[in-house]
Structures are given as C-alpha cells and as structure tokens.
Amino acid sequence: MTTSLPIVTPGPPEAPGGALRAGRPPAHLADLDLAARRAAMAALGEPAYRAGQLSAHYFGRFVRDPAAMTDLPRAVRERIAGTLLPTLLTAVGERTCDGGATRKAVWRLHDGSLVESVLMGYPDRVTACVSSQAGCGMACPFCATGQLGLTRNLSTAEIVDQVVHLAGVAAAGIGPGLPRRLSHVVFMGMGEPLANYARVVAAVRRLVAPPPEGLGLSQRHITVSTVGLVPAMRQLAAEDLPVTLALSLHAPDDDLRDELVPVNQRWKVADVLDAAWGYAAATGRRVSIEYAMIRDVNDQPWRADLLGRLLTGRLAHVNLIPLNPTPGSRWDASPKPVEREFVRRLRAAGVTVTVRDTRGREIDGACGQLAAAAREEATWPELEGTQR
Ligand code: SAH
C-alpha cells in the first residue's frame, strides 16, 4: 500500500468579517492574535481596545452571548460579537460517564462535518482532548477515526473553540472535588495534528497566550500527538513552543509498524525516533511514546525488549494504552498478565512506563473511538440526521 500524505497545508489568512469562501469555516476572533483583532476592530469602525474587551469575554469568562457583555455599549455588542464571534460549533450531543467526570461532546461544524471532544476531570487536573481534523487521513487500522478517512482540516478557531467550550463546562463544575479550571489539553481527538500544522500551532499559541489574548494555559500542559510526520516534527522542534510531544509508535519494528501505522512506509521507526530525540534535545522535554497494547499483535516479550533497547538512555516515557475496541475490528486488548510482563521488561531496560486509563470507553470516548460521523444515524438519536 502506498500513502499520500497531506502534510503542512496552511491556508491563506482570512479577514474577519470578509466573504466566506465556499467550504471554509467563518473567521473568528480565535483565528487572530491580539494585534490582528485590534486591526479587525478598527476596520469595524470601533476603538481598538474593544478587541481586548471582547477577548476577555471569550477567553476569560467563556462568554459568547452579546447580551451578557454589559461593559460594551448595547449598540455595538451585537455587531462586533456577530462579526468576530460567529458560531463555529453547534452541540449535537453529549454523553457522560464516571458521574460526570468524563464527558464527550459531539459538534456539528458549519458545513455539517461532525467532530468530537472529550473532557476528563481528575482530582488534580482537568484535561480536554480535542480534534484537529474532521476524520483522519492516516488510516491506522485499529483506530475508528482512521477508518473514516479525512474530511477536512479544522480552522484554528474551530480547534480553540472546542477548548473554550470545555473550559466553560469545567468552570460550571463537573463533580465534587474536581477542579473548575481546565488545565491540560491533549491533541488526541480526531485527526492528525501535524497534518494540519499551521492551524494547530496557531491554536496552541492561543491556548498559551495570557488572557485576554488567550487562555493562559501552561505549555507544559499541552500535548501534541502524532503518527510521526518527520518533517513536521522537526519544524515543531524549531517553533520555540515547547509543548509535550507524543509519538504514536505502537511497534518497535518496521514490519509491524508499516501495518499498524501506515505512514511508517514513508518514515521508518529509526527516522521517527531520530526526530523525537531531536525534539527532546531542542525542548528539553521528555517525549511520550504511545503504544496501544494489541493482543498477539505487538505485545510479545521480544518486542518489549526491542522497544527497551531503542529507548534506553533517551528522554522518553512510554505510555501503554490498552487497546480500546472499535466496531468491526479483529483486534482486542492484551491480557493483563501480558501487559504486566511488557511493563516489567521495559522497566528492566531502565525505561519509565505508565499504563493509561481507559477513560470514556463506555461512551465511545476513549482513544481511537472517536468516529461521530460513522455513528451519526446509529447511536445519536438527538441528531436530526439531515445535515450531511
Ligand atoms: N493522530 C494522532 C492523534 C490521535 S489519537 C496520533 O495518532 O498520535 C491519540 C492516540 O490514541 C494515538 O496514540 C493513537 O494511536 C491511539 N489510538 C488510536 N486508536 C486506538 C484504540 N483503538 N485503542 C487505543 N489507542 C488508540
């Protein structure tokens, strides 16, 4: 099988309030940095400082409703909010489990595409898992999103708006003893973030910019996960944006990785690990090596030993993910004793390992289970089912 890779395809910047090009999401405040928002405000004939006021509502208080913007003159509220805060995401469903601590939101985009985001509350942190594309073009056979194919890249604001929505949900309280402040963001929802490079990097900049320009999250609390698009990994290392990089390795040998992560046919295990170590060297940050444990596929002791040899002495951490079942897949998770032996061998090689929880499994919200478009008719009775 050959792969064709849509890597790094930044679109031209769009003027807010400008003509909506067919198929493109409306331009939104979160597409712009603060200087560009001030210019946009001036273009609307308003004082530039209103950019800060509007931004403070959106990023600081998660307010989008003009009626709630009482510090703005009534006459200008509708106009500037209508222009700079168009509706990007319409909620079409929410599922919760863990007593409300885990929530999956399904959003319809302006063109009818569906994407999902997941909010996970823990005693010490609240994490948003966001989508960077509608569908995904990477075709990993064990991932539900990978079976959908790619519909399109999300815009910067479509990515940021998922986080801002979830920050609002967290602020309203998602359960006793859980923090109200969203603290972590992982780009582990639908899509391959580094295949939508420019928009994802811009979204990260909005997330870390201090309020009112952005959400003021810590860079250390943002994780970008990739199948291993080597040129984009190298580009990210040079961005001066030291987020945590997660590399979806899933196999230590090219024979198996060619099958599990088809992009490996283009960039081999040695190449992606070399790019990962380059990232670690440039940022000083430990790379997270993701490894889905698939029974009798990639969980053999010899593969643990080989993985251990590849990672010994490196700035790396292994995150094992028990495979989450996806519809129609012939694979399941490794048995616990096999998983424990895998962990033991990696630790014996001096590698740090954690096993990820399977949060959200029962709401199809766990890793690899996000496939809203495919489930549209099947399990979302609240969808009208007419929009696609
Ligand atoms: N495209 C990016 C980010 C999305 S997925 C990437 O591949 O890294 C986030 C993680 O979930 C990836 O490590 C992915 O390989 C993993 N994953 C996908 N399907 C899974 C499944 N069915 N069970 C467990 N993990 C899965």
Side-chain angles (χ1 to χ4, degrees), residues 3 5-7 104 115-118 120 127-150 153-154 159 162 184-197 200 203-204 222-230 232-233 236 243-251 256-257 259-264 267 272 275-276 279 287-295 297-299 316-334 339 354-362 364-372 374:
T3 46
L5 296 171
I7 338 164
K104 181 174 76 168
V115 297
E116 301 182 338
S117 334
V118 184
M120 291 163 284
T127 300
C129 175
V130 297
S131 295
S132 55
Q133 299 181 310
C136 183
M138 298 297 125
C140 302
F142 55 91
C143 174
T145 315
Q147 310 318 298
L148 298 174
L150 177 64
N153 284 329
L154 301 193
I159 298 168
Q162 295 171 60
H184 291 65
V185 174
V186 296
F187 285 80
M188 294 190 181
M190 301 170 91
E192 165 52 41
L194 295 190
N196 187 14
Y197 186 88
V200 165
V204 172
I222 296 180
T223 300
V224 173
S225 183
T226 181
V227 288
L229 304 184
V230 166
M233 289 167 75
L236 189 65
V243 296
T244 299
L245 183 69
L247 171 63
S248 296
L249 195 66
H250 304 314
L256 181 56
R257 195 167 191 268
E259 185 188 349
L260 294 182
V261 186
V263 75
N264 195 71
W267 292 292
V272 292
Y279 191 85
V287 175
S288 178
I289 304 291
E290 311 294 291
Y291 199 103
M293 292 292 285
I294 314 177
R295 169 187 239 145
V297 172
N298 65 352
D299 60 357
H317 171 96
V318 173
N319 201 212
L320 297 180
I321 315 171
L323 186 81
N324 293 304
T326 60
S329 167
R330 56 201 148 105
W331 289 322
D332 37 73
S334 304
E339 182 185 284
T354 49
V355 179
R356 184 179 293 170
D357 64 7
T358 52
R359 271 287 176 115
R361 246 194 209 197
E362 57 271 53
D364 291 334
C367 297
Q369 295 188 315
L370 302 184

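Note that ligands are numbered from 1 as they come in the structure, with each ligand's atoms numbered from 1 the same way.
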Tell me which one of [options] gets a heavy atom nearest to [atom].
atom                    : options                : value
atom 4 (C) of ligand 1  : Gly189, Cys367, Ser225 : Gly189
atom 13 (O) of ligand 1 : Pro325, Ala333, Ser248 : Ser248
atom 14 (C) of ligand 1 : Met138, His250, Glu192 : His250

Those residues that, when tested against Arg361, pass salt bridge (Lys or Arg N to Asp or Glu O under 4.0 Å) (two or more places apart):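 Checked Arg361 against salt bridge (Lys or Arg N to Asp or Glu O under 4.0 Å); zero matches.
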Donor-acceptor check, side chain of Ser248 to backbone of Glu290, threshold 3.5 angstrom: yes or no?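 Side chain of Ser248 to backbone of Glu290, a donor-acceptor pair under 3.5 Å: no, none is there.
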Is Gly191 in contact with ligand 1, taking contact as a heavy-atom separation below 4.0 Å?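 Under 4.0 Å: yes for Gly191.
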Between His250 and Phe142, how do the two ring planes meet: parallel, tilted or perpendicular, split at 30° and 60°?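 Aromatic pair His250/Phe142 classed perpendicular.
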Which atoms of ligand 1 have any heavy atom of Thr226 under 4.0 Å away?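 The atoms of ligand 1 under 4.0 Å from a heavy atom of Thr226 are 6 (C), 8 (O).
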Hey, which atoms in ligand 1 end up nearer than 4.0 Å to a heavy atom of Asn324?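 Reading through ligand 1 atom by atom, the close ones are 21 (C), 22 (N), 23 (N), 24 (C).
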OG/Ser131 to CZ/Phe187 distance, rounded to the nearest 0.5 angstrom?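 Ser131 atom OG to Phe187 atom CZ measures 10.0 Å (nearest 0.5 Å).
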Quick one: look up the protein heavy atom nearest atom 19 (N) of ligand 1 and list residue, atom name and how far away it is.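 The answer is Gly368 CA, 3.0 Å.
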Could you check atom 17 (N) of ligand 1 against the protein and tell me its nearest heavy-atom contact, residue, atom and distance included?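 Closest protein heavy atom to atom 17 (N) of ligand 1: Phe142 CE1, 3.8 Å.
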Side chains of Gln369 and Thr326: is there a donor and an acceptor less than 3.5 Å apart?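 No, no side-chain donor-acceptor pair sits under 3.5 Å.
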Indicate, as side chain, backbone, both or neither, the part of Glu290 found under 4.0 angstrom from ligand 1 when only non-hydrogen atoms are considered.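 Side chain only.
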Side chain, backbone, both or neither: which applies to Thr326 and ligand 1 if a contact is any heavy-atom pair less than 4.0 Å apart?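 For Thr326, only side-chain atoms sit under 4.0 Å from ligand 1.
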